[in-house]
Amino acid sequence: MACVYILKSTTKNITYVGSTPDIDRRLNEHNSGKNVFTSRHRPWRLVYTENYDKLIDARVREKYLKSAAGRRWLKVNNIIPR
């Protein structure tokens, strides 16, 4: 089991898209500063997840959500602010 997740910074208007087999561990890593990008915008809160049977499927979806079309989809569906 794997998931795609979207985090929102509680201090800045920034979102982060990622994928992982363990969302609790990964969120903890983001909030403890183990990721260079996310350490500058802490703390983070989880705003969206999608579950997949295989990690490769989650990675494909993550790549799409990071694209311009994926960002538009997230905004149209009110998952991230416009």
Side-chain angles (χ1 to χ4, degrees):
M1 186 65 104
C3 76
V4 173
Y5 62 92
I6 300 175
L7 304 177
K8 177 150 179 29
S9 171
T10 60
T11 58
K12 299 177 181 155
N13 190 24
I14 295 174
T15 57
Y16 179 87
V17 178
S19 60
T20 183
D22 186 349
I23 188 64
D24 294 325
R25 176 191 55 80
R26 194 68 179 121
L27 181 58
N28 186 26
E29 288 175 355
H30 286 298
N31 281 323
S32 65
K34 291 186 178 180
N35 179 289
V36 174
F37 174 79
T38 59
S39 67
R40 294 176 285 163
H41 309 291
R42 291 181 289 177
W44 295 91
R45 67 182 172 89
L46 186 63
V47 294
Y48 183 75
T49 61
E50 292 179 359
N51 292 314
Y52 293 89
D53 291 330
K54 298 178 183 175
L55 185 57
I56 188 69
D57 295 334
R59 295 267 164 98
V60 168
R61 180 66 169 167
E62 173 190 358
K63 186 173 181 180
Y64 169 75
L65 292 176
K66 288 180 174 181
S67 71
R71 289 282 179 184
R72 276 193 304 274
W73 183 87
L74 291 169
K75 288 178 182 179
V76 166
N77 289 289
N78 294 317
I79 295 168
I80 59 172
R82 294 175 188 238

query = Would L65 and V47 show up in the same hydrophobic cluster when neighbours are defined by side-chain heavy atoms closer than 4.5 Å?
reply = yes
request  = Mind checking the NZ-CZ spacing from K12 to R40? Nearest 0.5 Å is all I need.
outcome  = 8.5 Å
query = Looking only at heavy atoms, what is the nearest atom pair of R71 and I80, with distance?
reply = NH1-CD1, 3.7 Å
message = Hydrophobic clustering (ILVMFWY, side-chain heavy atoms < 4.5 Å, transitive) - are I79 and Y52 grouped together?
response = yes
inquiry  = Applying a strict under-4.5 Å side-chain criterion to I, L, V, M, F, W and Y, I'd like to know whether V4 and L74 cluster together.
reply    = yes
message = Under 6.0 Å between ring centres: does that hold for H30 and F37?
response = no
Nearest heavy atoms of L55 and P21, plus distance in Å = CD1-CD, 4.2 Å
Reported CG-to-CD1 distance for the pair N28 and I23, which is rounded to 0.5 angstrom = 11.0 Å
request  = Starting from the C-alpha separation in whole Å, work towards a yes-or-no answer on side chain to side chain donor-acceptor pair (under 3.5 Å) for R45 and T10.
outcome  = CA-CA 7 Å; R45 67 182 172 89; T10 60; over 6 Å; no
Pairwise distance CH2(W44) to CD1(I6) - rounded to 0.5 angstrom = 11.5 Å
message = Would you say that R26 contacts L46 through its side chain, given a criterion of any heavy-atom pair below 4.5 Å between the two side chains?
response = no
message = Less than 6.0 angstrom from the centroid, inside 45 degrees of the normal: does K66 satisfy that with respect to the ring of Y16?
response = yes
request  = Give the cluster check for L7 versus Y48: same hydrophobic cluster or not, with ILVMFWY residues linked at side-chain heavy-atom distances below 4.5 Å.
outcome  = no
query = Can you tell me how far CD of E62 sits from OG1 of T20, rounded to the nearest 0.5 angstrom?
reply = 10.0 Å
request  = Answer with yes or no whether the hydrophobic clustering places I56 together with Y5; edges join I, L, V, M, F, W, Y residues whose side-chain heavy atoms lie under 4.5 Å apart.
outcome  = no
inquiry  = Using a 6.0 Å distance limit plus a 45 degree cone around the ring axis, check whether R61 lies over the aromatic ring of W73.
reply    = yes
message = How long is the straight-line distance from NZ of K8 back to NE2 of H41, given to the nearest 0.5 Å?
response = 11.5 Å
